[in-house]
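Working notes for the structure below.
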Amino acid sequence: SVLATKPSSCASNGPRRPLALVHLQGQGRGVAGILLSCSLPLVRARRRRVSRKAEGFPAQIAQQIRQAFFKTEKKLKVLPDLLHTLQDVYQTKLQPLEEHLQFQRFYDTAELSAAYFTAKPMVLVLGQYSTGKSTLISQLLQADYPGLRVGPEPTTDKFVAIMAGPSRQQLPGFALCSNPRKSFDQLQSFGSSFLERFEGALMPEEEVPVLGSLSFVDTPGVLSGDKQRMGRSYDFEGVMGWFAEHADLVIVLFDPNKLDISDEFRRCLEALGKNSERKVRFVLNKAEKLERFELVRVFGGLMWSLSKVISSPEMPYIFVSAAAERCADLAPEARDFFLSEEAKLRQEVWQVPCDNTTRKVNDLLRRGRLLRCHTLLVNHLLTLQGPFGRRKLLRETLADPVKLGAACAQVAQESNIPLQDFPSAENLTELFRKFGDVKTIKPVPSSLFRAAEEALNTDIPVLLERVASEREEMIQQGIPGADGLLKGKGSGHNEQVATATEKGAPATRDSKKVSPMSQA
């Protein structure tokens, strides 16, 4: 007999196996001794080499590779760029599940491309024609962008994206949407007719420091007649809804002489209210033309008009703005009031770059919660069994809002998630009707759902811990153009009012306190 070993036992990381006894028939003890003395040194040398390989350089490489993938909270906390980390979480853990369920097609929402996470925050300005949209953007930029025209008649007939660039130039919409580094590539779905009405206005950051942190979108004036509305060759409300969904701040301007809300304007405001209600700011512009009592009546009329198109029971704050060149001719109390309102509006715009990361993390978390609800609902619907087959019962459930609402309530109770995270049963019924046949509803692999749950329960909450510290660090380091946004053009009195408003103090003039009755 001789001592032999199996090759698999040498490569094993566990305890060494005992040597097997192999009986060699027809051989003597002398041959067995020779074989034993020759094989044992070879076996021991091979085991030493395997042990060194397992504990040496390859093991260190494997450890570094494991650490490269941030699947733990410790790795998420030390990554330098939060937005790129957020992009990686979405693309690796949420997007595969969205593609499997056709989430974007079902809820008619845009894909979060790489440019979405890296693009600068955007401010959208809209309103009826001749309400001062282009003038407001020029005041915030402290410069006129290329192609700007200002007049009492409708002058802006295109969507204009004002961004930073190497020089002052106008870029056609076809070229702007074809640039993968910009976030406008999805606008190509609205057709060539819209792209002909879309252009970019580029300005160097040295000339306009505000564009180092922000980008603006100027819009055509909303029309008031059906004949003018039917003359548009593209989906105006759809385009406005896309810009509102991707914008960080939406400023809606009103003119005291145009308080009526047309059908097209109403559809635009309803499109804003679906997903962008929290970032809409209403501004009553050109208020310096009104007397005090007229301002009160106009303000009340505007609130009444908005109450018919805004679904929220709480009315939003409405800023009152005036032309800067006409404020000098007003009474001191009125001048202080308008300047304080302007400073508050500038403060809202100034906070956009600070809250950019917070908004994107919050939007991704809300999108992920909706994706989780949709996944659980689909898995529950696929478990339904009826006497005439599963497919017939599934069609009946999807077509009945009462049955679909009961299914959502059951899923919410079993999964311990709020029922308010689900869309309304009526909206879900309409979405399933547009989505198509029930054959497109298919089961979800457990691996995709576990990855999405890990992103919602572990990765994104860890990222939220870094948002506050990053915001404070950004404010301390300074934001390009922040001084221009807070102070703007004007005298030292304007800067004094802006500083007082920023600190939360009432607006003053010549260091004298103005009474609340005088401000009113």
Side-chain angles (χ1 to χ4, degrees), residues 110 113-127 129-151 153-221 232-234 236 239-240 242-251 253 346 349-350 352-353 356 479-485 488-489:
S113 59
Y116 167 82
F117 295 96
T118 58
K120 297 177 182 178
M122 183 171 57
V123 178
L124 175 66
V125 182
L126 62 95
Y129 65 91
S130 300
T131 54
K133 300 184 296 297
S134 302
T135 304
L136 176 63
I137 294 178
S138 299
Q139 292 177 356
L140 295 175
L141 295 176
Q142 301 184 15
D144 295 340
Y145 62 83
L148 173 65
R149 292 179 298 164
V150 178
E153 74 282 357
T155 54
T156 304
D157 58 346
K158 297 181 179 180
F159 285 84
V160 183
I162 301 102
M163 302 174 296
S167 61
R168 293 179 62 92
Q169 57 177 324
Q170 293 178 258
L171 197 64
F174 291 93
L176 192 60
C177 295
S178 300
N179 190 348
R181 293 178 297 179
K182 305 297 182 181
S183 58
F184 304 115
D185 55 338
Q186 298 175 1
L187 290 173
Q188 300 182 28
S189 60
F190 292 99
S192 301
S193 299
F194 164 72
L195 296 181
E196 293 177 353
R197 294 293 179 181
F198 178 54
E199 67 178 19
L202 306 183
M203 304 174 68
E205 295 184 17
E206 295 78 11
E207 179 182 349
V208 186
V210 179
L211 294 180
S213 302
L214 286 172
S215 61
F216 294 84
V217 176
D218 196 1
T219 60
R232 299 190 191 272
S233 56
Y234 59 92
F236 182 80
V239 173
M240 196 71 72
W242 187 94
F243 275 109
E245 182 180 355
H246 289 75
D248 295 73
L249 181 67
V250 181
I251 300 178
L253 293 180
R346 288 181 178 273
V349 180
W350 179 80
V352 171
N356 178 38
I479 304 174
D483 295 337
L485 283 175
K489 288 184 177 181

* Asked: Can you name the side chain to side chain contact (heavy atoms under 4.5 Å, CB included) partners of Ala164, sequence neighbours left out?
  -> Lys120, Glu205, Leu211
* Asked: When rounded to the nearest 0.5 angstrom, what distance separates CG in Leu249 from CG in Leu124?
  -> 9.0 Å
* For Gln188, what residues pass the side-chain hydrogen bond (donor to acceptor under 3.5 Å, both in side chains) criterion, not counting sequence neighbours? -> none
* Interatomic spacing from CG in Asn356 to CE in Met122 - rounded to 0.5 Å -> 11.0 Å
* **Heavy-atom side-chain proximity of Phe159 to Leu187 below 4.5 angstrom** => no
* Asked: If you measure from OH on Tyr145 to CD1 on Ile137, what distance do you get to the nearest 0.5 Å?
  -> 5.5 Å
* Side chains of Arg346 and Leu140: does their closest heavy-atom pair fall under 4.5 Å? -> yes
* Of all residues at least two apart in sequence or in a different chain, which pass the side chain to side chain contact (heavy atoms under 4.5 Å, CB included) check with Ser183? -> Ala115, Ala119
* Roughly how far apart are Trp350 CH2 and Ser213 OG, rounded to 0.5 Å? -> 11.0 Å
* **Interatomic distance, Leu148 atom CG to Ser138 atom OG [nearest 0.5 angstrom]** => 4.5 Å
Output a table of donor-acceptor pairs, distance under 3.5 Å, between side-chain atoms of residues 165-178 and any protein atom two or more places apart or on a different chain; print 'none' if there are none.
unit_1 : atom_1 : unit_2 : atom_2 : d
Arg168 : NH1    : Asp144 : O      : 3.3
Arg168 : NH1    : Glu207 : OE2    : 2.9
Arg168 : NH2    : Asp144 : O      : 2.9
Gln170 : NE2    : Glu199 : OE2    : 3.1
Ser178 : OG     : Phe174 : O      : 2.7

* With side chains defined as the heavy atoms from C-beta onward, is the minimum distance between Leu214 and Pro353 less than 4.5 Å? -> yes
* Asked: Is the Trp242 ring parallel, tilted or perpendicular to the His246 ring (thresholds 30°, 60°)?
  -> parallel
* Partners meeting side-chain hydrogen bond (donor to acceptor under 3.5 Å, both in side chains) with Asp248 (sequence neighbours left out) -> Arg359
* Can you check whether Ile251 reaches Val349 side chain to side chain, under 4.5 Å on heavy atoms? -> yes
* Measuring from Thr219:OG1 to Phe243:CZ, what's the distance to the nearest 0.5 Å? -> 9.5 Å
* Would Phe198 and Phe184 count as a close aromatic pair, with their ring centres under 6.0 Å? -> yes
